[in-house]
Amino acid sequence: MYGLCFFRNFAISNIMFVKVNRVVHSCLLRMVMATVMLLLWAGGVCSQNIGTTAESDATAEIAGKGDSVYVAPDSSNFVKASILILEPMNKVYSVFGHSAFRMECPSAKLDYVFTFESDPGVSGFITFFAGKAKAAFVAVPTDRFLKDLMKERRGVKQYELELTHHEKQELWRYLDNDMMEGRHRKFNLLLNNCVSMTILKIHQASIDERLVWAPWQGSMLLNNGDLVRHNARRSAWAEFLFVTFLGTGYDDYYDQELRLCPEILVDELRRASFVNNETGEKRPVMTDAGQELLPEYKSLREYTVTPTVLFGALLLLVCLLTLAEWTLKWQRAARWMDCILFTLQSLLGLVLVYITFVSEIFGLLWNWYLIPINPLPLVLWLCFRKRKDFGKVYLLYTIVLVVFLVLTPFISQLDVAHQLITATMAVRCGSNYLSYRQNKR
């Protein structure tokens, strides 16, 4: 859903990505060389033990199982494929955590993290919500990757995948190829994010078998909206933001792979199985209990000013100002408040319309918050503000907002924080209509 990983996470971090770019060019050549070595290895060129008499039986046994390379009992001369799970952070795009691949080949002294990244910084944040963000896998030496995360005080855990030796080769090859193509994928909360790309590469690397998920349990039984709230529970502002844009998809249940985020990915992979396409035989995808590469710093902080607190304070301020408008004749202050609220409502309405119907980062779904937050009042004001009966528009909009408030218990997407904004606009619209009636007399 993020699987909702901006709902599922946007990137590792701005600092991380800048440093990634500095090493990508040097990494490309090394990764191409690594691929060539692995291909040669598959033919037996790099396997030093194939020719020994003592191991010929083991080599034949492995070859009979479809692997072309002799592998030492501890697999020290071959590839190790693991998934890294990064600790969630406070920033909106990292509140769900992050997932990446770690590919190791000890005998060739290769150790890289393949991480799915998008544009960093403010520009990346804007292009993401504009539906224009591009992303791709980049390869970073693991020691450099961990060093940068240590500076950010971000925990990392590693979980080894139960892939065959050939599948590990295929996984590395697919990651190399994807990286060489550059940022060619449109970043999307549902289809192209760190978790969905992790799962895609596992699917691509699977040979003569398929990945099958276990029945849903725990938080996976929640609908989309409640699952988003659960996964974003560490940040009230991230929860507020994603619920704002989720729309009627709140009550839906997307496919399992679209609902996963880094936090629950490992548990679901442990419960999943590889199923042989011919025999139907099952084997585990992951059994590793996990290895802590960097400790969890639990650096997530609680926000004192949550959306509910902020918009509750705004409603209180507007109510007091409206009371002063009628009792103390503070019409000028009230007009300034109307100008600010109207400007914000118009700008946010344009953004919400664009994200809902153009950017497609959440899919083309109806959004209930388009009723109170939309650019229609701006259009009416620009076209009809000079008409004598324009004040009737305030009455119409007040009725719409009040009805919308009444619907709160019946529509899952609606919550207290958002409806405080609706109530604030209803107070000012009602006051403006009363002023219009008074002046008309």
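By convention here, the first residue in the shown sequence is residue 1.
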Should the ring pair Y436 and Y433 be called parallel, tilted or perpendicular, given that the plane angle runs from 0 to 90° and is split at 30 and 60? tilted
Students often mix this up, so state it plainly: with edges at 30° and 60°, are the rings of W368 and W366 parallel, tilted or perpendicular? perpendicular
Between Q419 and T422 the two heavy atoms that sit nearest each other are OE1-OG1, 2.9 Å
Could you report the tightest heavy-atom contact between L405 and T408, atom names first, then the distance? O-OG1, 2.7 Å
Using only atom types and a distance under 3.5 Å, with no angle test, would you say the side chain of [X] pairs donor to acceptor with the backbone of [Y]?
{"X": "D255", "Y": "E257", "value": "no"}
{"X": "S235", "Y": "A232", "value": "no"}
{"X": "K168", "Y": "V79", "value": "yes"}
{"X": "N276", "Y": "E278", "value": "yes"}
{"X": "Y369", "Y": "Q413", "value": "yes"}
{"X": "N224", "Y": "Y254", "value": "yes"}
{"X": "E167", "Y": "I207", "value": "yes"}
{"X": "Q345", "Y": "N374", "value": "yes"}
{"X": "W172", "Y": "A81", "value": "no"}

Report the C-alpha distance between Q158 and D288 in whole Å, list the side-chain angles of each, state the deciding distance to 0.1 Å, and finish with yes or no for side chain to side chain donor-acceptor pair (under 3.5 Å). CA-CA 9 Å; Q158 174 175 312; D288 189 7; 5.9 Å; no
Looking at [X] and [Y], does any basic side-chain N land under 4.0 Å from a carboxylate oxygen?
{"X": "E104", "Y": "R102", "result": "yes"}
{"X": "R259", "Y": "E268", "result": "no"}
{"X": "D267", "Y": "R270", "result": "yes"}

Could you give the distance from [atom1] ([X]) to [atom2] ([Y]), rounded to the nearest 0.5 Å?
{"X": "Q291", "Y": "K157", "atom1": "CD", "atom2": "NZ", "result": "11.5 Å"}
{"X": "T398", "Y": "N432", "atom1": "OG1", "atom2": "CG", "result": "8.0 Å"}
{"X": "L314", "Y": "T424", "atom1": "CG", "atom2": "OG1", "result": "4.5 Å"}
{"X": "S82", "Y": "Y159", "atom1": "OG", "atom2": "OH", "result": "11.5 Å"}
{"X": "T164", "Y": "F274", "atom1": "OG1", "atom2": "CZ", "result": "8.5 Å"}

Assess, by modelled atom type and distance only, whether the side chains of R229 and Y250 contain a donor and an acceptor separated by less than 3.5 Å. yes
With a 3.5 Å cut-off and no angle check, do the side chains of W216 and Q256 form a donor-acceptor pair? yes
The single option from F114, Y112, F116 that satisfies ring pair (Phe, Tyr, Trp, His ring centres under 6.0 Å) with F137 is F116
When the aromatic ring centroids of F240 and F311 are compared, is their separation below 6.0 Å? yes
Using a cut-off of 6.0 Å, state whether more than 12 heavy atoms not belonging to N277 lie near its atom CG. yes
Are any of the side-chain heavy atoms of H418 and L414 separated by less than 4.5 Å? no
side-chain contact (heavy atoms from CB on, under 4.5 Å) partners of T322, counting only residues at least two apart: V318, E325, W326, V427, R428, S431
